[in-house]
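These notes are about the structure you will find just below.
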Amino acid sequence: RMLETPYCIAHALSRLPLDAAEDRAKLQEIAPLVMANLPGDHDTFFLYEPEVGHRLTRHLLDAAGRRREALEHAFAILSGPPTAGGRDWPALPPIRVATWLPCLCAEKADVPRLLALLDHPEHWVRLNAAKALAWIGDKSAIEPLAARLATAKAEADFGYSSRFKD
């Protein structure tokens, strides 16, 4: 149920009419909470399609006029030392904020900063940057991604353990 609850909340909010300025103002207030509770499933990366939860959350952040602000907050955390939350955005660790990238990055202008994150020391940041690049679909990202894949270790190279958990 952990993934279902934030999805249901985002889905319900997405179905509300946001024609009135007061409704959009309330959505602007809760936008950081919507973003912090972004539903996601790491296994869906292999579908190569944007997830419904990401699309709903992007819609809500766009409707609130705060997607770009959330994106800048995410890049600030991922591109340097951890920072305190900006304005009312939560100060989350990079592995949590990395999951925001596929939701927030939607334009070719985001590609250079996503490519730079492919060298991030945290593997979840690299994975989510690659996921966002795949969903943007800009052909200029193919060569840098292919170069990193060519030098990446195969899963088997990481070793095998017969124990359930090490």
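Residue numbers run from 1 in the order of the sequence given.
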key: Residue pair Asp110, Leu133: steps toward the side-chain contact (heavy atoms from CB on, under 4.5 Å) verdict   = CA-CA 9 Å; Asp110 300 325; Leu133 286 165; over 6 Å; no

Please determine if [X] and [Y] form a salt bridge, counting it only when a charged side-chain N lies under 4.0 Å from a carboxylate O.
{"X": "Glu22", "Y": "Lys26", "result": "no"}
{"X": "Arg55", "Y": "Asp62", "result": "no"}
{"X": "Arg148", "Y": "Asp119", "result": "yes"}
{"X": "Glu107", "Y": "Arg67", "result": "yes"}
{"X": "Arg58", "Y": "Glu51", "result": "no"}

Close side-chain approach of [X] to [Y], heavy-atom, < 4.5 Å:
{"X": "Asn37", "Y": "Ile9", "answer": "no"}
{"X": "Trp100", "Y": "Leu71", "answer": "no"}
{"X": "Cys103", "Y": "Met35", "answer": "yes"}
{"X": "Pro90", "Y": "Pro32", "answer": "yes"}
{"X": "Thr57", "Y": "Leu104", "answer": "no"}
{"X": "Pro6", "Y": "Leu38", "answer": "no"}

Check: [Y] main-chain N/O paired with [X] side-chain donor or acceptor under 3.5 Å:
{"X": "Arg24", "Y": "Asp19", "value": "yes"}
{"X": "His73", "Y": "Val97", "value": "no"}
{"X": "Thr99", "Y": "Arg96", "value": "yes"}
{"X": "Arg126", "Y": "His120", "value": "yes"}
{"X": "Glu122", "Y": "Ile95", "value": "no"}
{"X": "Arg66", "Y": "Leu61", "value": "no"}

key: Set of residues satisfying side-chain contact (heavy atoms from CB on, under 4.5 Å) with respect to Asp23, sequence neighbours excluded   =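 Asp23 satisfies side-chain contact (heavy atoms from CB on, under 4.5 Å) with Leu18, Ala20 only.
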
message = Among residues at least two apart in sequence or on other chains, which ones pass side-chain contact (heavy atoms from CB on, under 4.5 Å) with Ile30?
response =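 Leu13, Leu27, Val34.
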
Between [X] and [Y], which heavy-atom pair has the shortest distance, and what is it?
{"X": "Ala31", "Y": "Ala64", "result": "CB-CB, 4.4 Å"}
{"X": "Asn128", "Y": "Pro102", "result": "OD1-CG, 3.7 Å"}
{"X": "Ala130", "Y": "Leu145", "result": "CB-CD2, 3.9 Å"}

query = Going only through I, L, V, M, F, W and Y residues with side-chain contacts under 4.5 Å, is there a path from Ile142 to Leu115?
reply =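 No, no single cluster joins them.
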
request  = Please work out which of the three classes, parallel, tilted or perpendicular, describes the rings of Trp135 and His54, given edges at 30° and 60°.
outcome  =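 Perpendicular.
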
query = Can you tell me how far CD1 of Ile136 sits from CG of Leu101, rounded to the nearest 0.5 angstrom?
reply =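 Taking CG in Leu101 and CD1 in Ile136, the distance rounds to 9.5 Å.
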
task = To the nearest 0.5 angstrom, please state how far the SG atom of Cys105 sits from the CG atom of Asp138.
result =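 Atom-to-atom, Cys105:SG and Asp138:CG are 12.5 Å apart.
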
request  = Check ring-ring contact (aromatic ring centres under 6.0 Å, His included) between His59 and all other residues, then give those that pass, not counting sequence neighbours.
outcome  =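 For His59, no residue satisfies ring-ring contact (aromatic ring centres under 6.0 Å, His included) once neighbours in sequence are set aside.
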
